[in-house]
Visitor: 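This is the structure I want to talk about, given as structure tokens.
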Protein chains: 2
Amino acid sequence: MSSYTPRKKPTQARSRATFEAIIEAGAQLLVEDGFHNMTTNALAERAGVSIGSLYQYFPNKESIVASIIERFADRQFEILAGGLQEVITAPLAEVVHHLVAAMFEAKQAEPELNRVLVEQLPPIGQLDVMRDWTERACHLLEMALEARRDEVEVEDLEMAAFMMVTSCHGIMHSTLLDRPKLLDSEVLREHTARLILRYLGCQE
Amino acid sequence: MSSYTPRKKPTQARSRATFEAIIEAGAQLLVEDGFHNMTTNALAERAGVSIGSLYQYFPNKESIVASIIERFADRQFEILAGGLQEVITAPLAEVVHHLVAAMFEAKQAEPELNRVLVEQLPPIGQLDVMRDWTERACHLLEMALEARRDEVEVEDLEMAAFMMVTSCHGIMHSTLLDRPKLLDSEVLREHTARLILRYLGCQE
DNA sequence: AGTAAATGTGAACAATTGCTCATATATTAT
DNA sequence: ATAATATATGAGCAATTGTTCACATTTACT
């Protein structure tokens with residue numbers, strides 16, 4: 001019976017530190033060696049913790065990565081939400097520009113970890129976390145669109161939000177893999193914003 | 001010295017059959033068990049071939065998957081190219097609709113294999129093949145745009161092609177993971193076509 | 001102080017599996 | 001027919017590694 005959730009919740013300060021050390025070391029080794037080449041024994045050593053302790057908190061190797069992913073997704077979402085927070089009352093065009101900026105910012109935060117997770121996450125079986133992330137992001141956007149309904153031509157706002165998030169995601173993803181340098185360019189962001197704005201039927 | 005390319009080229013008919021059987025069995029097991037859980041011994045058995053023969057043609061497990069991926073990518077590209085072939089002289093709007101249709105068709109062809117490869121390809125290290133695929137697809141599209149330059153508002157056609165391919169890809173990818181049922185819907189295709197057409201500055 | 005609970009340790013096990021190699025069979029060439 | 005080449009076989013090796021468990025140490029509690 002293998003699970004992806006942690007085994008035991010640390011209560012004392014000491015054990016909380018152990019828990020954190022494991023996750024931190026895990027993120028490091030994931031970046032350095034990839035999921036397959038990262039061994040639990042090496043992880044424990046890097047964390048300065050015995051292998052036994054590791055298995056006291058995590059039922060298996062996968063669950064460690066699951067925790068790493070979960071935290072990562074949360075941080076990513078905060079960047080997005082934070083970026084949109086700045087423009088709660090602004091007109092649609094500005095919202096879209098901030099959206100694009102925030103999405104790109106998230107993509108470029110913790111680039112190494114981002115890369116490993118993007119490249120190796122699926123087989124680890126943590127697709128749910130990403131599904132959830134998309135869901136939350138769409139919901140956030142839908143609300144933003146709702147508040148500016150008069151500026152949006154598209155009827156189905158849920159669909160519109162989905163299109164915005166996923167197309168933007170795809171562009172960034174491919175860029176990261178195919179033309180990483182382009183990710184910094186202002187041009188790409190402008191094109192992405194244009195893509196979204198025109199789709200919504202809004203003048204730039 | 002591990003390589004991802006096959007080891008020996010089969011010359012006789014008998015060995016060519018062996019080679020094919022290995023690739024076919026590999027694709028099956030990849031779908032059934034995933035990359036990690038598929039063992040080379042099981043693969044050989046499924047192919048009706050001894051494990052020794054397998055290693056006569058492939059230097060390692062990865063290289064088998066590499067060959068599977070390569071063939072898959074070629075088939076995918078043919079679907080795309082075929083779809084565009086039908087509209088070599090048509091106006092832009094029609095081209096885009098065919099593009100979207102072809103992209104969706106490719107995504108839905110061999111759905112199981114598609115899914116496994118999308119989910120497990122990266123760690124196998126065959127990102128190059130995908131990079132290459134995007135490259136080729138972009139080039140194809142750029143030519144199509146070039147021939148209709150007067151209908152396109154965007155200046156940089158290379159960029160435009162990149163945006164079209166990657167956004168479309170992202171939409172399909174996320175849909176496959178998050179809302180697989182939606183992939184069949186006409187609505188999604190219409191929205192995608194709209195997204196692209198408006199971006200290009202073309203009336204529908 | 002003394003006890004119970006929480007936390008930490010790491011040697012060693014069990015199981016898996018990618019891959020080799022010595023050998024056998026089939027095909028082609030002379 | 002005979003030699004030479006190509007192809008096929010599969011038992012078993014070598015190496016890796018995730019995980020456990022019996023025991024030590026630290027903290028919390030009475």
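Below, chains carry the letters A, B, ... as their sequence lines are ordered, and counting in each starts from 1.
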Visitor: For a quick test of reading the model: is some side-chain N or O of B/Thr40 closer than 4.0 Å to OP1 or OP2 of C/dT17?
Guide: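 Result: no.
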
Visitor: Side chain of A/Ile51: nearest nucleotide among D/dA6, D/dT9, C/dA11?
Guide: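 Nearest listed nucleotide: C/dA11.
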
Visitor: Given C/dT7, C/dG18, D/dT17, identify the nucleotide with an atom nearest to the side chain of B/Lys61.
Guide: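 The answer is C/dG18.
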
Visitor: Which residue, A/Gly48 or B/Gly52, contacts DNA chain C at a nucleotide closer to its 5' end, judged by nearest heavy atom?
Guide: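 Result of the comparison: A/Gly48.
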
Visitor: Taking CD from A/Gln12 and C1' from C/dA5, how many angstroms apart are they, rounded to a whole number?
Guide: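 The answer, rounded to whole Å, is 9 Å.
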
Visitor: Would you kindly check whether a donor in the side chain of B/Asn41 faces an acceptor in the base of C/dC19, or vice versa, at under 3.5 angstrom?
Guide: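 Looking at the base of C/dC19, it does pair with a donor or acceptor on the side chain of B/Asn41 (distance under 3.5 Å).
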
Visitor: When the axes are fitted on five pairs at both termini, how much does the helix from C/dA1-D/dT30 to C/dT30-D/dA1 curve, in 10° steps?
Guide: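 Comparing the first five pairs with the last five, the axes sit 10° apart.
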
Visitor: Choosing from D/dT9, D/dA8, C/dT7, which nucleotide comes nearest the side chain of A/Tyr57?
Guide: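 Nucleotide nearest to A/Tyr57's side chain: C/dT7.
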
Visitor: Ring-plane angle category for A/Phe58 and A/Phe19, please: parallel below 30°, perpendicular beyond 60°, tilted otherwise.
Guide: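 Judged by the thresholds at 30° and 60°, the geometry between A/Phe58 and A/Phe19 is parallel.
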
Visitor: Does A/Tyr55 have a side-chain nitrogen or oxygen under 4.0 Å from the phosphate oxygens OP1 or OP2 of D/dT20?
Guide: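 False: A/Tyr55 side-chain N/O out of range (4.0 Å or more) of D/dT20 OP1/OP2.
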
Visitor: Separation of B/Gln56 atom CD from C/dA26 atom P, in whole Å?
Guide: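 Nearest whole value for this atom pair: 16 Å.
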
Visitor: Side chain of A/Ser50 only, please: which of D/dG10, C/dG10, D/dT17 is the nearest?
Guide: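 My answer, after comparing the listed nucleotides, is C/dG10.
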
Visitor: Remember a base hit wins even if backbone is also touched, and classify A/Ser53 as base, sugar-phosphate or nothing at under 4.0 Å, heavy atoms.
Guide: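 Base, at least one base atom sits under 4.0 Å.
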
